[in-house]
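Residue numbering restarts at 1 for every chain, and letters A, B, ... go by the order of the sequence lines.
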Amino acid sequence: MSQLFKISLPDGSTRDMAPGSTPADVAAAIGPGLAKAALAARIDGELVDLTQPFSGDAALALVTARDEADALDLARHDFAHVLAEAVQGLFPGTQITFGPATDDGFYYDVMAPASRDPFGMDDLPVIEEAMRAIIRADKPLRREVWSRQALIEKWTSEGESFKAEWAAGLPEGEELSVYWSGDDWLDMCRGPHLPSTGKLDPQAFKLMRVAGAYWRGDQNNAQLTRIYGTGWLNKKQLDAHLTRLEEAAKRDHRKLGQEMDLFHLQAEAHGSVFWHPKGYVIYRALEDYMRRAIHGAGYEEIKTPQVMDVRQWEQSGHWGKYAENMFAVPDIVPDVESGAPTVAADAQWMAIKPMNCPAHVLVFKQGIKSYRDLPMRLYENGCCHRNEAHGALHGIMRVRQFTQDDAHIFCREDQVVEEVQAFCALADRVYKDFGFKYAIKLALRPDKRFGSDADWDKAENELRDAVVKAGLATEEYGWAELPGEGAFYAPKLEWHLTDAIGRTWQVGTIQSDRVLPERLDASYIGEDGERHRPVMLHRAIFGAYERFIGILIEEYAGRFPVWLAPVQAVVATIVSDADGYAEEVMEALKAAGIRAESDLRNEKINYKVREHSLAKIPHLLVVGKREADEGTVAVRTLGAEYQKVMPLAEAIAMLQGEATPPDLR
RNA sequence: GCCGCUUUAGCUCAGUCGGUAGAGCACAUCAUUCGUAAUGAUGGGGUCACAGGUUCGAAUCCUGUAAGCGGCACCA
């Protein structure tokens, strides 16, 4: 007689189950309602199919739609499979590759048959219908274990070259799971999956877009078509998500930048920002803020040349690695009169700086530095140009001309951890002043790099130590290490912020570099009277003013806090009799340092309130006859439903308080 | 750079079968002086992204280029 397995349930009860029985059997034993609602199971914490047999005593938790995170993940993964099956059903000859769940849905990478163009938007409605048919057919999803060899043969015989290649790359003799959808379609997959396609809600998904994606993420490989969908447990969730996307689009920095007249972009200088007066107010407020921050932290500000001899970039290593992304210019005066070729074969080449590091090393190298001079912290609002691939550009977040809040800290080996830690604290204060939550990552050594492994070990450990000491190496701060993501000369700590639609952008960084000081021969005289190499810490907090302002616009949805708002207050009149008083109010505001405008137009107050509210002006000071007589203003604050009448002096004091930057409060 | 899509008035967009350009907002003028999210009337405004091609005729069809959008790759 075989022994029974003891299966314990979350409520503390246990059930004895025969070997070979599954979570589905337990669900059925508990009740038909649960049997129907069960989507998958957790056996000893691991998410598995309902039909996965027990292998011994176990702790079992049945997963239903109420376990939302698990249920969503399962559903999205299944949507991806259904998508692939639908595409192959509609377009025989399509090759399938991979399709995972994402944060809000799923995608599948496919290769359209050679007989047709890559899939486009027009194909999506048809594919959606085919997916619904598969869901309605309620096809059982059944796991099977195949040998690697059997899979390779199957994929090869069916012309699935990508799948065959993948299977061939797996370890010899490994057993691989496949999932059948009904009896007529299968995909290689680790699982787990829902019991059948009918567990999906046919109204809870939507195919969103198509995009190109390289096989195995390598641009030297074939380009596949990635079909993206968003997938949920029910239509209500889907609709809520689509509404969220619409709301997010309203705070897009490109849209708000135009509506609020902050900046523009145009083809003649694509990838470079034209800052308008209102946008530049924000830019300058950030510059002022950052100057206060870095001066308080022991930095000195410098300014270095925009164009340097290419040989300098060769020496630093940047020309070798990034020449194609640098703007190079011949160092000649073109002879326009004679019409001679503008660039001679032997022209001397200069390059516009793509970054500030080498120039800062050159400043450091002037004169003899003593260990007593260290750490030396050199800061620059450094304007850089990089000729980015066209597809990389994105509004003002990723541009070809940008200004970094860039500094380099030259220090001794024994000062590195302390300096990095101090930087973590400084960055933390800055992000919190702007109301951001950030994630912090450590990008480790890449395959192609300069410098010895011993130095890389040291540098990575320094950064890791500093973060641990600063107490930031936690889940709360999204701490993670990213292998292979570092720069060619140093590992990087990266600070990431999130935009309106959930895309993350790197802003801050600090890098512990022993390569550039070596290549550019920077040194200081130590206590022992000998020459030593300083360690060079590259660091930025905003990253670039352009990107940071883009993120700020989206974070605030254009409703800037008063200290950053381009126009902090508008004085609006109700009748022309109040014009004189409005002018007086304006004078008083200006004298108090408030960025104010007046609106004396012959328009109804309703119209003015609406217009300035849409323009996201923080405070509207309304004046009519009554206010003029009493020396008051009626303050209507953005977002408030009522105005508050107060003496002018009181209003000014309030505005001055709100206009004070957070670091000066 | 690659895949898909887009480009019409300052802005947001319509424009059917290829027949010579339309709306709302904005702007200007006039009237209106009004108490917290759109007062009314009138008017001006477009090489339909750019360059070729097909056609009697192109915003519309074809080819190329540029920029933008969504991804991929890249991001010192």
Side-chain angles (χ1 to χ4, degrees), chain A residues 107 109 112 117-124 208-228 249 252 254-255 258-259 261 264-271 313 316-322 324-326 353-358 384 386 388-395 397-399 402 404 406 443 446 485-490 492 494 501 503 505-506 509 511 513 516 538 543-544 547 572-579 601-614 620 622-627 634-636 638 640-643 645:
Chain A
Y107 67 78
D109 286 348
D117 290 336
F119 299 109
M121 291 296 285
D122 297 343
D123 298 308
L124 299 187
M208 303 296 280
R209 63 184 91 93
V210 294
Y214 298 103
W215 170 238
R216 294 185 160 191
D218 184 337
Q219 66 170 330
N220 297 312
N221 290 340
Q223 187 159 44
L224 310 166
T225 304
R226 177 167 298 177
I227 301 176
Y228 278 95
D252 187 300
R254 294 162 295 196
K255 183 179 160 69
Q258 182 185 59
E259 283 175 6
D261 194 20
H264 85 273
L265 299 160
Q266 69 179 68
E268 284 71 11
H270 78 268
W313 300 108
S316 70
H318 292 95
W319 186 255
K321 190 157 165 56
Y322 293 111
E324 61 182 14
N325 292 317
M326 288 169 67
K353 70 175 172 187
M355 28 106 72
N356 310 297
C357 332
C384 299
R386 295 179 188 173
E388 304 282 8
H390 285 62
L393 301 176
H394 179 94
M397 304 277 219
R398 184 89 182 267
V399 285
F402 53 93
Q404 299 174 315
D406 198 9
E485 299 281 313
F488 71 86
Y489 52 78
K492 307 189 287 181
E494 301 177 347
I501 61 169
R503 284 182 289 218
W505 296 88
Q506 185 199 313
T509 185
Q511 307 160 8
D513 175 16
L516 272 188
H538 308 243
R547 174 175 295 184
T573 52
I574 296 173
V575 290
S576 53
D577 285 350
D579 285 0
R601 292 175 303 171
N602 177 12
E603 296 288 355
K604 292 190 171 177
I605 193 61
N606 289 310
Y607 181 87
K608 295 185 182 182
V609 167
R610 175 181 156 79
E611 192 166 274
H612 299 302
S613 298
L614 290 175
L620 191 56
V622 177
V623 295
K625 268 187 100 142
R626 204 181 305 149
E627 286 74 16
V635 179
R636 183 174 170 131
L638 184 60
E641 294 196 19
Y642 300 101
Q643 59 278 11
V645 179

Give me the distance, rounded to whole Å, that separates [N] from [M] when you measure between the [atom1] atoms they each carry.
N: B:rA49; M: B:rA9; atom1: C1'; answer: 14 Å
N: B:rG19; M: B:rA58; atom1: P; answer: 11 Å
N: B:rU54; M: B:rU60; atom1: C1'; answer: 13 Å
N: B:rG4; M: B:rG10; atom1: C1'; answer: 30 Å

| task | Measure the acute angle between the ring planes of A:His318 and A:Phe488, then classify it against the limits of 30° and 60° as parallel, tilted or perpendicular. | result | perpendicular
| remark: Of B:rG35, B:rG4, B:rC11, the nucleotide closest to the side chain of A:Gln258 is B:rC11
| Mapping A:Gln266 and A:Asn325 onto RNA chain B by nearest heavy atom, which one lands closer to the 5' end? | A:Gln266
| request: Using the closest heavy atom to pick a nucleotide of RNA chain B for each, name whichever of A:Val575 or A:Asn606 lands nearer the 5' end. | output: A:Val575
Counter-base of [N], judged by Watson-Crick or G-U geometry with both distances under 3.5 Å:
N: B:rC69; result: B:rG4
N: B:rA14; result: none
N: B:rU39; result: B:rA31
N: B:rU63; result: B:rA51
N: B:rA21; result: none

Just checking [X]: base, sugar-phosphate only, or nothing, at a heavy-atom cut-off of under 4.0 Å?
X: A:Tyr228; result: sugar-phosphate
X: A:Arg503; result: sugar-phosphate
X: A:Ala634; result: base
X: A:Phe488; result: nothing
X: A:Gly395; result: sugar-phosphate
X: A:Arg636; result: base
X: A:Lys625; result: base
X: A:Ala392; result: base
X: A:Tyr642; result: nothing
X: A:Arg386; result: base
X: A:Gly317; result: nothing
X: A:Glu324; result: nothing
X: A:Asp218; result: nothing
X: A:Pro354; result: base

| Side chain A:Arg398 and base B:rC75 donor-acceptor under 3.5 Å | yes
| No-H, no-angle donor-acceptor pair, A:Tyr214 side chain to B:rG1 base, under 3.5 Å | yes
Length of the line joining [X]:[atom1] and [N]:[atom2], which is rounded to integer Å:
X: A:Arg610; N: B:rU39; atom1: CZ; atom2: C1'; value: 14 Å
X: A:His390; N: B:rC72; atom1: NE2; atom2: C1'; value: 17 Å
X: A:Glu388; N: B:rA67; atom1: CD; atom2: P; value: 14 Å
X: A:Glu268; N: B:rA67; atom1: CD; atom2: C1'; value: 9 Å
X: A:Arg626; N: B:rC34; atom1: CZ; atom2: C1'; value: 13 Å
X: A:Arg209; N: B:rU6; atom1: CZ; atom2: P; value: 16 Å
X: A:Asp261; N: B:rC27; atom1: CG; atom2: P; value: 13 Å
X: A:His270; N: B:rG1; atom1: NE2; atom2: C1'; value: 12 Å

| query | Can a salt bridge be assigned to the pair A:Asp218 and A:Arg216 using a cut-off of 4.0 Å between side-chain N and carboxylate O? | reply | no
| request: Using only side-chain N and O atoms of A:Tyr107, determine if any of them is under 4.0 Å from OP1 or OP2 of B:rG70. | output: no
| Under-4.0 Å side-chain N/O to phosphate OP1/OP2 contact, A:Arg254 with B:rC69 | yes
| remark: From the list A:Thr573, A:Val575, A:Ile574, A:Leu620, side chain to side chain contact (heavy atoms under 4.5 Å, CB included) partner of A:Ile605 resolves to A:Ile574
| task | State whether the aromatic ring of A:Phe119 stacks on the base of B:rG4, taking stacking to mean ring centres under 5.5 Å apart and ring planes under 30° to each other. | result | no
| field | Residues which pass side chain to side chain donor-acceptor pair (under 3.5 Å) with A:Asp579, listed by chain and number, not counting sequence neighbours | value | none
